[in-house]
Amino acid sequence: MKVTVRFFQSLCRITGKKKLEVELPEGAGINELLDELSRRFGKKFLESLYISDLGVTSPYTSVIIDGKTVILTKSKNYKLKNNSVVSFLEPIGGG
């Protein structure tokens with residue numbers, strides 16, 4: 001199945017992409033997508049999503065799947081669908 005991934009802010013700089021299409025097996029979930037993205041983009045990608053090696057998602061990064069905000073630590077392995085759109089957003093701040 002095909003999943004579209006959209007990157008914003010520092011993740012866009014890390015990946016060098018704003019948008020990416022990823023092929024995953026039918027029935028795959030967000031964990032399989034994260035595994036694939038970490039293989040492609042390495043440690044720096046994961047470090048930007050997690051605040052520790054324990055897999056705790058940074059409170060500053062939002063994951064939106066098909067228009068719904070998903071908290072990765074609470075959703076276990078949120079299932080994706082063919083043509084799902086996954087967006088990784090970081091807050092914009094300043095002053």
Side-chain angles (χ1 to χ4, degrees):
M1 71 181 178
K2 181 177 69 172
V3 174
T4 300
V5 183
R6 298 182 338 175
F7 303 106
F8 297 89
Q9 290 90 18
S10 67
L11 285 174
C12 188
R13 289 188 298 277
I14 290 168
T15 63
K17 301 178 181 300
K18 290 183 179 182
K19 184 172 149 181
L20 173 71
E21 288 189 355
V22 177
E23 285 288 332
L24 295 172
E26 282 296 321
I30 190 68
N31 289 341
E32 285 86 2
L33 176 62
L34 290 172
D35 287 345
E36 177 61 26
L37 294 173
S38 69
R39 276 191 290 280
R40 290 183 188 202
F41 302 114
K43 186 176 179 179
K44 193 153 182 112
F45 175 80
L46 288 179
E47 287 173 348
S48 67
L49 291 180
Y50 299 108
I51 54 176
S52 75
D53 291 333
L54 301 174
V56 178
T57 308
S58 169
Y60 306 111
T61 301
S62 296
V63 180
I64 300 172
I65 302 173
D66 298 326
K68 179 181 176 185
T69 301
V70 174
I71 300 170
L72 295 179
T73 55
K74 293 183 179 179
S75 64
K76 303 288 185 208
N77 193 17
Y78 190 94
K79 295 298 179 193
L80 301 171
K81 300 176 275 184
N82 189 42
N83 296 316
S84 281
V85 177
V86 180
S87 301
F88 294 98
L89 299 153
E90 298 167 287
I92 297 174

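All heavy atoms count here, side chains included; hydrogens, waters and symmetry mates do not. Numbering of residues begins at 1 and proceeds along the displayed sequence. Being a predicted model, the structure only gives us computed values, none of them experimental.
- Residue Asn83 holds its CG atom at 8.5 Å from CD of Glu21, rounded to the nearest 0.5 Å.
- More than 12 heavy-atom neighbours from other residues, nucleotides or ligands sit within 6.0 angstrom of NZ on Lys79.
- Residues Val5 and Thr15 have side chains not in contact (no heavy-atom distance under 4.5 Å, counting atoms from C-beta outward).
- The side-chain hydrogen bond (donor to acceptor under 3.5 Å, both in side chains) search around Ser87 returns Arg6, not counting sequence neighbours.
- Sorted by first then second residue, the salt bridge (Lys or Arg N to Asp or Glu O under 4.0 Å) pairs that include residues 24-37, not counting sequence neighbours, are Glu36-Arg39, Glu36-Arg40.
- A distance of 9.5 Å separates CG of Leu11 from CG of Leu37, quoted to the nearest 0.5 Å.
- Smallest separation of non-hydrogen atoms from Lys81 and Met1: C-SD, 3.7 Å.
- Under a hydrophobic-cluster definition in which Ile, Leu, Val, Met, Phe, Trp and Tyr are linked whenever side-chain heavy atoms come within less than 4.5 Å, directly or via other members, Leu33 and Val85 are assigned to different clusters.
- With contacts defined as side-chain heavy-atom distances shorter than 4.5 Å, the pair Leu20/Phe41 qualifies.
- The two residues Ser84 and Asp66 have their closest heavy-atom pair at OG-OD2, 2.9 Å.
- How far NZ of Lys19 is from CZ of Phe8: 10.5 Å, rounded to the nearest 0.5 Å.
- Between Phe88 and Phe7, the ring-plane angle classifies as parallel under the 30° and 60° cut-offs.
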